Amino acid sequence: MEDETETVCRVCGYDDEVFWEGGWPTAAICSCCGNESDVGDASVMGLRNYRGYWVGHGARWRSPLAERKQKSQGWDLLQQMANIPVQWR
Ligand SMILES: [Zn+2]
């Protein structure tokens, strides 16, 4: 049904690595929100839950290295969240 390769995190919109491939989760963990594809983001309800929790705790980065790199380039959370595919918002 889906053959797409998803490199954008469904939870936070961070474009990092392959999270879903051909409709299957890769178990990749997002450097930004720390979500693992499969555990929380297989359903829109599950990922909204995770997203709300993550933002509610200050939208903390999982990887300090990625955080430093992104913030030095003017990272903006809301701009990043605009990358979230429409069906996962
Ligand atoms: Zn993420």
Side-chain angles (χ1 to χ4, degrees):
M1 179 178 96
E2 297 171 60
D3 321 303
E4 287 173 45
T5 298
E6 286 184 44
T7 61
V8 173
C9 176
R10 291 178 177 182
V11 170
C12 72
Y14 186 53
D15 193 342
D16 187 16
E17 46 192 310
V18 176
F19 293 107
W20 285 76
E21 202 161 26
W24 295 93
T26 61
I29 296 178
C30 179
S31 301
C32 185
C33 70
N35 181 61
E36 181 181 346
S37 57
D38 195 16
V39 174
D41 68 350
S43 77
V44 73
M45 288 314 286
L47 67 90
R48 280 178 183 165
N49 208 14
Y50 187 96
R51 187 188 295 136
Y53 188 83
W54 176 67
V55 172
H57 284 78
R60 313 225 357 209
W61 280 74
R62 179 176 171 271
S63 160
L65 198 73
E67 178 179 20
R68 242 177 288 139
K69 188 174 162 226
Q70 292 297 315
K71 286 191 171 169
S72 73
Q73 294 168 1
W75 179 76
D76 183 88
L77 175 63
L78 294 180
Q79 230 167 51
Q80 176 179 292
M81 286 187 133
N83 295 332
I84 300 169
V86 177
Q87 68 270 35
W88 304 115
R89 287 181 187 166

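Heads up: numbering here begins at 1 and tracks the sequence. Every number for a ligand or one of its atoms is a count from 1 in the order of the listing. Every value quoted in this text rests on a predicted model; they were computed, and no experiment measured them.
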**Prompt:** With ring centroids as reference points, do Trp61 and Tyr14 lie under 6.0 angstrom apart?
**Reply:** yes
**Request:** May I ask you to check whether Trp20 and Trp88 place their ring centres under 6.0 Å from each other?
**Result:** no
**Item:** With Leu47, the side chain to side chain contact (heavy atoms under 4.5 Å, CB included) member among Asn35, Ile84, Asp41
**Value:**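 Among Asn35, Ile84, Asp41, the one meeting side chain to side chain contact (heavy atoms under 4.5 Å, CB included) with Leu47 is Asp41.
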**Message:** Let's go through Phe19 and Arg10 carefully: what are the C-alpha distance in whole Å and the side-chain angles of both, what is the deciding distance for side-chain contact (heavy atoms from CB on, under 4.5 Å) to 0.1 Å, and is it a yes or a no?
**Reply:** CA-CA 9 Å; Phe19 293 107; Arg10 291 178 177 182; over 6 Å; no
**Asked** With a 4.5 Å heavy-atom cut-off, do Arg62 and Cys30 have their side chains touching?
**Response** no
**Prompt:** For Trp54, what residues pass the ring pair (Phe, Tyr, Trp, His ring centres under 6.0 Å) criterion, not counting sequence neighbours?
**Reply:**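 With sequence neighbours excluded, Trp54 shows a ring pair (Phe, Tyr, Trp, His ring centres under 6.0 Å) to no residue whatsoever.
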**Prompt:** What count do you get for protein N/O/S atoms less than 2.8 Å from the Zn ion (ligand 1)?
**Reply:** 4
